[in-house]
Amino acid sequence: MNDFLDLSLKVKEAIKSHMPIVALESTIISHGMPYPTNVQTAKTLEKIIEDNGAVPATIAVIKGRIKVGLDDDELEYMATKKGILKLSRMDLPYAVANGFDGATTVAATMICANMAGIKVFATGGVGGVHRGVVDTFDISADLFELSKTPVIVVSAGVKSILDIPKTLEVLETLGVTVVGYKTDDFPSFYSQKSESKLYMRADNPKAVAQIFKAKLALGLEGGMLVANPIEKSKEIPHEIIDKAINIALEEANRLGIHGKDVTPFLLAHIVEYVPKALEANVELAKSNAALAAMISKSI
Ligand code: PSU
Ligand code: MN
């Protein structure tokens, strides 16, 4: 525990009574989805985790305090307030020291979850190696966090705004255990598959938990990435999403968007071109929340 950490009452009680807890990130709320879908989704994900027998803990930095567990007013604040920073590992001390508001990415959420002793975290997609990395060096800090911090991240893979094969190569180099949930294919967020295969799979929540427990028992640092594909009926056809991604990438290039602004820019533009993409994003996040809750009960 540190001086900057505030656990909600619900989370404190859950820790005290050894209840399973699932962390949720806030970048998806502040920078990943438009209002009011963002706050509705945040509440729905919390409800799904509760319905599956675990306690939800959405994580954000509000006025320099690391909040683990947000109430409805705080969720609304993160969904509507202008000028909320996007916090990855590098930004956390800056936001905390200055009393700023910030939404936590996958990397920062893993760090804060771990501070609170939370082992499982549900999100939509993680960051990765960007297309054009050879020129930009743009590789998400999420990948490095997965190699450092002992939290299971349940995702629907990564969006094909990224270079998926290179993302998997970096995860391999960093020694991150990437497990397909009931699949041998690495999912590409809007689709059940990508062109990349996985080496490891688990077919139930307990099997996921066992791999993580073995990792801890072996003294291996770092977390684990669970790739849980979107439901077949919710998939968005490749032709449609690829076109939108290419337009968004061209637009980002043209406007010289770089650094941490790239991912939110691309996400917003894809949804602008393919409104159904937002619905798919909500659905896969719901499925990840349910799976994360089930895994948390086996930890
Ligand atoms: N990918 C998505 N939706 C998201 C993000 C990524 O499909 O909301 C967010 C997550 O918070 C992730 C972050 O951790 O973007 C990665 O940002 P960057 O590429 O700047 O590391
Ligand atoms: Mn980046």
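When a ligand or atom number is given, it counts from 1 through the structure's own listing order.
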Quiz prompt | Nearest to the Mn ion (ligand 2) - the N/O/S atom of Asp138, by atom name | solution = OD1
Quiz item: Would you say Thr105 and ligand 1 have an N/O pair spaced under 3.5 Å apart?
Solution: no
Quiz item: Counting heavy atoms only, which of His130, Lys260, Lys86 comes nearest to atom 18 (P) of ligand 1?
Solution: Lys86
Practice problem: May I ask you to list the atoms of ligand 1 that are less than 4.0 angstrom from any heavy atom of Asp142? | Solution: 12 (C), 14 (O), 16 (C)
Quiz item: Nearest non-hydrogen atom to atom 4 (C) of ligand 1 belongs to which of Ile28, Leu284, Leu267, Val106?
Solution: Leu267
Quiz prompt | Neighbour count above 12 (heavy atom, 6.0 Å) for Lys10 NZ | solution = no
Quiz item: Just by distance, do the side chain of Asn114 and the backbone of Met110 share a donor-acceptor pair under 3.5 Å?
Solution: no
Practice problem: Could you pull out, from Lys159, His31, Glu25, the option with a heavy atom nearest to atom 7 (O) of ligand 1? | Solution: Lys159
Self-check item: Identity and distance of the protein heavy atom lying nearest atom 9 (C) of ligand 1
Solution: Thr27 CG2, 4.0 Å
Exercise. Only one of Thr109, Thr58, Asp91 passes side-chain hydrogen bond (donor to acceptor under 3.5 Å, both in side chains) with Thr104; say which it is.
Key: Thr109
Quiz prompt | Ile118 and its side chain to side chain contact (heavy atoms under 4.5 Å, CB included) partner, picked from Leu7, Val22, Ile21 | solution = Ile21
Practice problem: Report the nearest protein non-hydrogen atom to atom 15 (O) of ligand 1: residue, atom name, distance rounded to 0.1 Å. | Solution: Thr263 CG2, 3.5 Å
Quiz item: Among all protein non-hydrogen atoms, which one is nearest to atom 21 (O) of ligand 1, and what is the separation to 0.1 Å?
Solution: Ser140 OG, 2.7 Å
Quiz item: Nearest protein heavy atom to atom 1 (N) of ligand 1, by residue and atom, and its distance?
Solution: Gly125 O, 3.5 Å
Quiz item: For the side chain of Thr105 and the backbone of Leu87, is there at least one donor-acceptor N/O pair under 3.5 Å apart?
Solution: yes
Quiz item: Just by modelled atom types, is the Gln192 backbone N or O under 3.5 Å from a matching donor or acceptor in the Glu235 side chain?
Solution: yes
Quiz item: Between the side chains of Asp71 and Ser8, is a donor N or O closer than 3.5 angstrom to an acceptor N or O?
Solution: no
